[in-house]
Amino acid sequence: PLDVLVLDMNWHTKDAWTGYSFDKTLFPDPAEALGWLRSKGLAVAANLHDAEGINPWEERHAAAAAAMGQPNASGQLALRLTSKESVFALE
């Protein structure tokens, strides 16, 4: 049986190797898609390649920058997995 669906590399935008924003071509309504998968009893995971941090083109860049105490940041944000602020900044 299928218990967990892992979205590998291509679920996010393709501006770089990393990404945190859903590719709207593949997932026009990510919340609906994830809700449907969960309604089928599946846990969902997304493969992250976080070496490049959070880039300016990400939908949540401004909110992440503010959550990380860098509200005026316009460039790449380092994603520090040991920092609670950094980890929860993308929620």
Side-chain angles (χ1 to χ4, degrees):
L2 181 63
D3 296 313
V4 179
L5 179 69
V6 178
L7 302 175
D8 200 6
M9 182 60 196
N10 290 321
W11 66 270
H12 60 77
T13 56
K14 315 303 186 290
D15 296 316
W17 179 251
T18 188
Y20 300 95
S21 301
F22 275 92
D23 181 336
K24 296 298 172 96
T25 303
L26 299 173
F27 295 93
D29 188 341
E32 180 182 348
L34 294 173
W36 183 85
L37 291 166
R38 287 188 203 110
S39 77
K40 302 299 179 192
L42 293 172
V44 181
N47 188 1
L48 300 176
H49 299 270
D50 58 355
E52 294 180 24
I54 305 166
N55 288 293
W57 57 79
E58 300 293 351
E59 291 176 8
R60 303 270 311 148
H61 183 271
M68 296 167 73
Q70 304 173 45
N72 298 320
S74 59
Q76 186 181 74
L77 302 168
L79 183 62
R80 297 177 305 279
L81 296 176
T82 57
S83 162
K84 183 168 68 170
E85 291 78 15
S86 182
V87 171
F88 290 109
L90 290 166
E91 281 196 30

K.L.:
Quick one: are Phe22 and Leu34 in side-chain contact, heavy atoms under 4.5 Å?
P.N.:
yes
K.L.:
Under the salt bridge (charged side-chain N to carboxylate O under 4.0 Å, His left out) definition, can you give me all pairs with a residue in residues 11-24, not counting sequence neighbours?
P.N.:
Lys14-Asp23, Lys24-Glu59
K.L.:
Please answer: with hydrophobic residues joined when any side-chain heavy atoms are less than 4.5 Å apart, are Phe27 and Leu42 in the same cluster?
P.N.:
yes
K.L.:
Supply the atom-to-atom distance Gln70 CD to Ile54 CD1, rounded to the nearest 0.5 angstrom.
P.N.:
9.0 Å
K.L.:
Rounded to the nearest 0.5 Å, how far apart are CD of Glu52 and CG of Leu77?
P.N.:
13.0 Å
K.L.:
Can you tell if the side chain of Leu48 reaches within under 4.5 Å of the side chain of Trp11, non-hydrogen atoms only?
P.N.:
yes
K.L.:
Count I, L, V, M, F, W, Y as connected when their side-chain heavy atoms are under 4.5 Å apart, and connections chain through other members. Are Leu2 and Leu7 then in the same cluster?
P.N.:
yes
K.L.:
Just jot down the side chain to side chain donor-acceptor pair (under 3.5 Å) partners of Asp8, sequence neighbours excluded, or say none.
P.N.:
Asn47
K.L.:
Quick one: side chain to side chain donor-acceptor pair (under 3.5 Å) partners of Gln76, sequence neighbours excluded?
P.N.:
Asn55
K.L.:
Heavy atoms only: give me the nearest Thr25-Pro28 pair and the separation to one decimal.
P.N.:
O-CD, 4.3 Å
